Amino acid sequence: MATPSAAADDELAVLLGPSGHRVTVPRRAVWEALAPGAGHLTVDELADRVTALGHDVDLASVYRTLALFEELGIARVSRLGRGEASRWERAHPDEHFHLVCTTCGSVDHHVGELVERVRDHLADGHGFVADTVELVVTGRCGDCRPPD
């Protein structure tokens with residue numbers, strides 16, 4: 001079984017500690033698999049990555065861990081298209097929104113002020129305070145778009 005770095009354990013302990021949760025093998029393994037840059041992973045892809053990293057964690061434990069991480073706000077799930085499996089990643093600010101290529105399936109983050117403008121519009125124009133903004137834009141990435 002793989003041994004995670006002490007820094008990863010410390011990071012996870014800091015995130016779980018205030019809510020009274022312990023760092024367990026499944027939680028550590030899923031956190032490691034959700035490392036920055038890991039992409040937007042389905043549960044099956046995450047479970048495969050956990051195994052590839054040398055951890056022996058069953059699928060039910062992966063699901064339970066993801067549910068806890070989402071509840072604690074340290075991981076987020078995105079539904080990036082109709083009929084697509086939910087995708088998981090470490091939590092990030094709402095200012096990041098997802099660009100999903102309908103040809104190759106790539107998912108990229110875009111950072112800009114659009115999400116903040118949506119929040120302001122809803123608050124100022126409608127008296128609505130958004131808790132979460134999940135913005136998904138579908139189209140074709142630079143590699144897949146037709147030539148000009």
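All values reported here derive from a predicted model rather than from experimental measurement.
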Distance (rounded to the nearest 0.5 Å) between R76 CZ and H40 NE2: 8.5 Å

Side chain to side chain contact (heavy atoms under 4.5 Å, CB included) filter on D44, not counting sequence neighbours, yields T42, L59

Quick one: pull up CZ in F69 and CG in L16 and give me the separation to the nearest 0.5 Å. 5.5 Å

Set of ring pair (Phe, Tyr, Trp, His ring centres under 6.0 Å) partners for H121, sequence neighbours left out: H126

Listed by chain and number, what are the side chain to side chain contact (heavy atoms under 4.5 Å, CB included) partners of L66, not counting sequence neighbours? V30, L34, V43, L46, V62, W88

Using side-chain hydrogen bond (donor to acceptor under 3.5 Å, both in side chains) as the criterion, list what pairs up with S86, not counting sequence neighbours. none

Give me the atom names and distance for the closest heavy-atom approach of V107 to H98. CG1-CD2, 3.9 Å

Decide yes or no on side-chain contact (heavy atoms from CB on, under 4.5 Å) for V100 and V136, but give the supporting numbers first. CA-CA 7 Å; V100 181; V136 177; 3.8 Å; yes

Hey, what do you get for SG (C101) to CG (D143), rounding to the nearest 0.5 Å? 8.5 Å

Gap separating the CD atom of E71 from the NE2 atom of H21, nearest 0.5 angstrom: 6.0 Å

Any idea which heavy atoms bring A130 and L122 closest together, and the distance? CB-CD1, 4.4 Å

With sequence neighbours excluded, tell me which residues meet side-chain hydrogen bond (donor to acceptor under 3.5 Å, both in side chains) with R64. S61

Taking every heavy atom of A33 against every heavy atom of L41, the minimum-distance pair comes out as O-CD1, 3.8 Å

Please tell me if the side chains of V23 and W31 come closer than 4.5 Å, counting only heavy atoms from C-beta onward. no

R90 atom CZ, neighbour heavy-atom count above 12 within 6.0 Å: yes

Nearest 0.5 Å, what's the CD-CZ distance between E113 and R119? 14.5 Å

Is the side chain of R140 donor-acceptor paired with the backbone N or O of C104 at a distance under 3.5 Å, no angle test? no

Are V118 and L135 close enough, and set up right, to give a side-chain contact (heavy atoms from CB on, under 4.5 Å), and what steps lead you there? CA-CA 10 Å; V118 168; L135 182 58; 5.6 Å; no

In this structure, CG of D56 is separated from OG1 of T51 (nearest 0.5 Å) by 7.5 Å

List the residues meeting side-chain hydrogen bond (donor to acceptor under 3.5 Å, both in side chains) with R87, not counting sequence neighbours, and say none if there are none. E45

Minimum heavy-atom distance between R22 and R27, given as atom pair plus value: O-NH1, 2.7 Å

Co-membership, hydrophobic cluster, residues V129 and V133, 4.5 Å side-chain: no

